[in-house]
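Report on the following structure.
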Amino acid sequence: MKGKVLSMQEAISRFVADGDTVVMGAALEPMIPFAAGHEIIRQGKKDLTLVGPISDILFDQLIGAGCVRKVVGAWIGNVSEGSAYNFRRAVEEGVPAPLVLEEHSNFSLALALLAGQMGVPFLPTRTLLGSDLARIHPSFKRMECPYTGDKLLLVPALKPDVAILHLPRADAMGNGQIWGSTGLTKEAAMASKRVIIIVEEVVEREVISHDPSRTIIPGFLVDAVVEERWGAHPSPVPGHYDRDHHYYTRYHLETKDREGFLRWLEQWVYGVKDRKEYLKVLGKDYLKGFRIRTRYLSTPVDYGC
Amino acid sequence: MKGKVLSMQEAISRFVADGDTVVMGAALEPMIPFAAGHEIIRQGKKDLTLVGPISDILFDQLIGAGCVRKVVGAWIGNVSEGSAYNFRRAVEEGVPAPLVLEEHSNFSLALALLAGQMGVPFLPTRTLLGSDLARIHPSFKRMECPYTGDKLLLVPALKPDVAILHLPRADAMGNGQIWGSTGLTKEAAMASKRVIIIVEEVVEREVISHDPSRTIIPGFLVDAVVEERWGAHPSPVPGHYDRDHHYYTRYHLETKDREGFLRWLEQWVYGVKDRKEYLKVLGKDYLKGFRIRTRYLSTPVDYGC
Amino acid sequence: MEGPTPAECMVVAGAREIRDEDCVFVGMRLPLLSFQLAKETHAPHAVGIFETGLLRDRPALRSILTMGDLPNIAGALWTTSMLDIMSLLQSGKVSLGFLGAAQVDQFGNVNTTCIGSYRSPEIRLPGSGGAADIACLAQRFVVIIAHERHRLPGRVDFITSPGFGEGGHWRENQGLIRGGPSAIITTRCVIRFDPATREAYLHSIHPGSTLDEVLENMEWRPRIPKSVPTTPPPTEAELQIIRKYDPEGFWTR
Amino acid sequence: MEGPTPAECMVVAGAREIRDEDCVFVGMRLPLLSFQLAKETHAPHAVGIFETGLLRDRPALRSILTMGDLPNIAGALWTTSMLDIMSLLQSGKVSLGFLGAAQVDQFGNVNTTCIGSYRSPEIRLPGSGGAADIACLAQRFVVIIAHERHRLPGRVDFITSPGFGEGGHWRENQGLIRGGPSAIITTRCVIRFDPATREAYLHSIHPGSTLDEVLENMEWRPRIPKSVPTTPPPTEAELQIIRKYDPEGFWTR
């Protein structure tokens with residue numbers, strides 16, 4: 001290790017600024033960078049615009065902690081439980097602060113980030129025609145296709161300031177790898193000005209170069225690599241651990257009112273210095289239950305010559 | 001084997017028709033489906049429109065054999081040697097027949113196929129602005145971006161009738177896998193109405209399901225799987241064999257005039273019944289020279305739970 | 001064996017919407033059970049896709065609560081990006097999608113965004129996710145919903161996922177080149193739409209419910225044909241399969 | 001050690017165009033040698049990308065003739081689709097690309113399509129491949145060409161890959177938001193462009209060539225500064241590195 005490897009505290013401090021547009025949870029339900037989100041809360045970042053398709057409860061936590069001015073997303077809730085209460089309180093009651101929403105479907109958000117990745121100002125689509133989401137969105141436009149006469153919706157490019165990804169592994173230079181479903185991980189990373197990757201394991205360069213098809217973001221576009229085991233808990237990470245459904249249920253039950261959420265925040269975020277202390281609260285035996293029990297190994301392929 | 005596995009003769013006969021638009025060589029220099037192309041020549045298919053970014057010499061062979069009415073491509077030649085003479089003769093002299101050209105750059109062709117994959121009538125780009133390629137292309141359009149005022153070029157979607165891909169492996173249901181660079185393989189396959197995949201090896205379903213991130217095209221979109229070892233020779237296939245440069249050099253030298261090409265065609269295409277006979281002409285010892293000498297194996301990853 | 005619960009009736013009705021060789025945008029909960037049931041009965045060649053970027057043709061290795069759970073990844077045939085999955089949708093290669101709903105109205109429009117006005121909602125719901133994309137782009141979609149009066153209003157508060165809009169040629173006029181709801185499956189009945197007028201009609205009533213109960217518990221009134229058949233009840237074999245995949249009745253009891 | 005060949009002078013001049021941490025669209029032949037030379041001297045952090053869908057930061061395991069050869073894949077750090085690579089280009093993340101050429105003119109426009117008219121060419125060339133994309137979208141590009149009169153016409157027969165067009169603000173007027181040629185490296189000299197006027201000027205003459213030889217072998221006349229320096233000759237160390245990667249002189253003799 002050396003290269004671009006930083007502690008979580010340093011990475012968030014150096015590469016996330018107040019007012020930034022931050023994309024997180026781009027893989028949808030798996031590999032959500034919870035540890036990074038909690039460090040953002042501890043560092044008291046303000047006025048963030050969060051971008052993500054299905055953020056599960058991470059966005060809810062950041063909203064409740066007062067870090068967020070705006071959300072650009074397609075679904076904000078608790079995937080296995082339904083509603084997320086900080087989000088509801090913010091929209092319904094302006095607590096702890098009013099929230100600006102720029103709502104997408106998963107696909108239109110995907111296209112916005114793809115346009116950002118591709119370096120074009122917009123991409124055309126047939127989705128959302130007839131949906132009230134198209135009516136209320138501040139910057140979708142309509143267009144008649146010059147080839148077919150079809151009605152199309154134009155989705156403008158999103159270029160976040162920072163992408164924060166959780167991945168199973170990367171080398172110290174930031175060549176990050178993934179397997180299993182990827183959601184919008186690549187598009188989010190390539191569309192963003194800065195990239196922070198959190199990994200379960202910093203591996204040798206040779207692990208990367210022996211399987212370069214698993215690379216989802218090349219190191220030359222990455223600013224920081226943070227090694228943080230269990231950094232995506234309670235969300236799952238392929239090759240490492242499964243989802244902790246119970247944690248989502250408890251969160252759902254404990255955060256129904258504002259005070260409950262503040263207690264939750266004290267226990268799991270402010271009350272711990274970093275991810276290591278968070279894991280101590282959970283306990284080793286508890287975590288063991290989410291480790292992989294049934295292995296399902298890939299067969300090596302040969303990149304030789 | 002069973003499922004969608006057919007012989008090359010059956011697959012080409014059933015799924016390639018005269019007048020079809022056929023995309024081949026979508027991975028650029030590697031994994032070119034030469035065996036499939038030669039079977040197309042033997043079956044005397046006519047009036048084809050060939051689509052491919054850099055076809056190396058396969059398109060030249062099909063043009064010289066009189067199968068082709070039109071090429072939609074970005075570069076037609078012999079990658080390691082330069083010009084391809086059948087292509088030159090067709091354009092310069094109308095021999096064996098005049099050729100309609102719809103010229104792209106690699107990127108604009110990529111966008112045309114991506115638009116086909118995505119199900120939109122066009123995609124916008126900043127490439128080719130100022131190039132004479134944009135001036136002469138029959139269906140690019142210009143547009144002012146409604147967001148930025150930028151000048152953009154619109155590339156209309158391409159939806160070929162058939163994609164023919166060479167891949168290292170697939171299962172009998174057509175779940176096809178690749179590693180290493182992919183070029184436009186996925187876009188070509190997903191944009192096409194029918195898909196034929198030629199593989200070095202038909203593998204068990206479990207090989208696929210133990211590494212689903214290597215799947216480039218799911219079986220439900222595939223019409224035929226052909227197991228044809230060395231089916232991409234003289235182009236390389238990751239995990240199997242490297243490029244036979246010498247074969248390209250000989251082709252270059254032997255096809256400078258029309259008679260030379262006809263002799264070449266007799267020797268390598270009409271004079272052999274199928275790929276097995278073609279390989280016999282090359283000889284086992286000769287082929288050995290292109291087998292992988294230095295292995296470069298990926299480390300297994302765990303998709304378990 | 002105990003008789004079927006309303007949720008089990010829904011699962012079976014959902015499964016019957018799946019045809020062999022369909023490419024199904026599955027989702028979670030009841031539709032996932034419908035898919036698994038269809039696979040083991042009449043639709044062995046159907047494949048299921050998930051917007052995280054995943055295709056499988058067999059059930060997950062263990063029961064799952066989200067599509068990103070590891071047992072859903074193990075044994076998949078294709079893991080990829082969301083854009084590849086959405087491209088299948090947009091290019092017309094997805095036959096069927098299932099949608100859950102907070103509200104669905106007489107034209108099959110679905111709301112998962114808010115109760116009350118969008119700018120100051122009484123209840124803010126999580127939003128579209130991929131639902132609007134499925135409603136706009138799949139060849140057909142099926143809505144799964146509890147048969148409760150406030151869930152079945154004459155007009156939804158917000159069209160998250162468009163059905164037939166205001167009926168007639170509304171979808172075509174919006175630019176939607178295919179699709180629309182093929183059925184609403186509630187805890188009490190199945191509702192379908194007239195292919196010409198887009199008008200909703202009562203297709204069948206689940207065993208154990210009456211026409212009165214159906215109509216009392218909804219704000220709008222579908223067309224009632226002269227005779228409304230009973231939804232064919234789940235067979236013993238179907239119930240066995242459902243209970244194999246939901247042994248504790250997490251979703252179906 | 002034998003003195004440098006003209007091709008070796010080109011390789012060295014090409015290498016000097018590469019800055020540390022550049023993302024370089026490499027291509028084959030001489031530029032590949034330039035890239036490897038730069039990596040081993042002043043630009044250890046440069047990375048090379050290839051349009052087949054590949055990024056590497058070290059030389060191929062064995063010598064290669066196409067970017068798709070297996071030794072170029074072994075040891076890569078990223079293998080992916082062409083669209084990912086082209087997206088890097090279009091979004092401005094590629095610093096530099098190298099282009100070969102059949103013709104290049106006084107504004108750095110490059111032709112690889114045809115000699116004569118497009119509709120009935122005397123010689124039909126292979127076409128653009130990715131060249132036009134690099135010329136349009138990279139931050140800057142360098143043309144590598146043999147210094148021969150017919151290759152250096154006042155105006156190319158066909159603009160495959162746009163340079164500065166007709167000079168002045170031509171690129172901006174076309175909608176090209178960045179880029180353009182930063183150098184033409186021939187077997188005899190290096191030509192650059194005035195940043196304001198886009199006018200070409202002679203930047204340096206390779207050791208062994210004279211001003212007369214440069215001008216006699218081209219159809220157009222770059223601006224000639226009062227004193228034209230000699231291109232710094234390859235050092236012994238540089239020649240050793242080139243000859244390590246091209247031991248048989250396949251490309252450089």
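Just so you know, these numbers come straight off a predicted model, no measurement behind them. Residue numbering restarts at 1 for every chain, and letters A, B, ... go by the order of the sequence lines.
Electrostatic pairing of D/Arg119 and B/Glu92 does not count as a salt bridge here, judged by no charged N lying under 4.0 Å from a carboxylate O.
Only the backbone of B/Tyr241 comes within contact range of chain D, with at least one heavy atom under 4.5 Å from a heavy atom of that chain. Looking at D/Leu65, the atoms closer than 4.5 Å to chain B (heavy atoms on both sides) sit in the backbone and in the side chain alike. For a residue to count as touching a neighbouring chain, one of its non-hydrogen atoms must lie under 4.5 Å from one of that chain's; by this rule B/Leu109 does not touch chain D. Looking at D/Trp78, neither its backbone nor its side chain comes within 4.5 Å of chain B, counting heavy atoms on both sides. Both the backbone and the side chain of D/Ala74 come within contact range of chain B, with heavy atoms under 4.5 Å apart. Contact annotation for B/Ala84: neither backbone nor side-chain heavy atoms come within less than 4.5 Å of a heavy atom of chain D. Proximity to chain D (any heavy atom under 4.5 Å) is restricted, for B/Arg243, to the side chain, taken from C-beta onward.
Between D/Met82 and B/Leu113, every side-chain heavy-atom pair lies at or beyond the 4.5 Å cut-off. Side-chain contact between B/His245 and D/Asp69 is present, with heavy atoms from C-beta onward closer than 4.5 Å. At least one side-chain heavy atom of D/Tyr118 sits less than 4.5 Å from a side-chain heavy atom of B/Leu101. With a 4.5 Å cut-off on side-chain heavy atoms, B/Asp132 and D/Thr113 do not count as touching. In this structure the side chain of B/Pro238 reaches within 4.5 angstrom of the side chain of D/Leu70, judged on heavy atoms. Under the 4.5 Å side-chain criterion, counting only non-hydrogen atoms from C-beta, B/Leu111 is in contact with D/Leu83.
Shown here is D/Arg178, whose CZ atom has more than 12 heavy atoms of other residues, nucleotides or ligands within 6.0 Å. No more than 12 heavy atoms of other residues, nucleotides or ligands sit less than 6.0 Å from atom CZ of D/Arg155. Around NE2 of D/His150, the count of heavy atoms belonging to other residues, nucleotides or ligands within 6.0 Å exceeds 12.
Of the listed residues D/Gly127, D/Ser128, D/Gly53, the one with more heavy-atom pairs under 4.5 angstrom with chain B than any other is D/Ser128. Counting heavy-atom pairs closer than 4.5 Å to chain B, the top-ranked of the candidates D/Leu61, D/Ile177, D/Ile64 is D/Ile177. Chain B forms the most heavy-atom pairs under 4.5 Å with one residue out of D/Leu137, D/Ile159, D/Thr79, and that residue is D/Ile159. Heavy-atom pairs under 4.5 Å with chain D peak, among B/Thr182, B/Ile216, B/Thr127, at B/Thr127. Between chain B and the options D/Ile73, D/Asn111, D/Thr80, D/Asn72, heavy-atom pairs under 4.5 Å are most frequent for D/Thr80. Heavy-atom pairs under 4.5 Å with chain D peak, among B/Pro236, B/Gly239, B/Ser235, at B/Pro236. In terms of heavy-atom pairs under 4.5 angstrom with chain D, the leader among B/His104, B/Lys186, B/Glu187 is B/Glu187. For the set D/Pro126, D/Gly68, D/Gly130, the entry with the most heavy-atom pairs within less than 4.5 Å of chain B is D/Pro126. In terms of non-hydrogen atom pairs under 4.5 Å with chain D, the most contact-rich of B/Ile76, B/Val79, B/Asp242 is B/Asp242. Among the candidates B/Ser80, B/Pro30, B/Gly180, B/Gly77, the residue making the largest number of heavy-atom pairs closer than 4.5 Å to chain D is B/Gly180.
No side-chain donor-acceptor contact under 3.5 Å links B/Ser105 to the backbone of D/Gly129. Side-chain atoms of D/Asp133 come within 3.5 Å of backbone N or O of B/Phe107 as a donor-acceptor pair. Between the side chain of B/Lys151 and the backbone N or O of D/Leu176 there is no donor-acceptor pair closer than 3.5 Å.
Minimum heavy-atom separation, D/Arg29 to B/Glu81: NH2-N, 4.4 Å.
Side-chain contact annotation: D/Gln90 with B/Thr125, donor-acceptor N/O pair under 3.5 Å present. Checking B/Thr294 against D/Arg62 by side-chain atom types alone, a donor-acceptor pair falls below 3.5 Å.
The line from CZ of B/Arg126 to OG of D/Ser91 is 10.0 Å long, rounded to the nearest 0.5 Å. Within the model, atoms CZ of D/Phe158 and CZ of B/Arg135 stand 6.5 Å from one another, a figure rounded to the nearest 0.5 Å. Taken to the nearest 0.5 Å, the CE atom of D/Met86 stands 8.5 Å off from the CG atom of B/Leu184. For the atom pair B/Ser131 OG and D/Asn109 CG, the distance stands at 9.5 Å (nearest 0.5 Å). Put simply, CD on D/Glu51 and CD on B/Glu29 are 7.0 Å apart, with the number rounded to the nearest 0.5 Å. How far CZ of D/Arg171 is from CG of B/Leu129: 9.5 Å, rounded to the nearest 0.5 Å.
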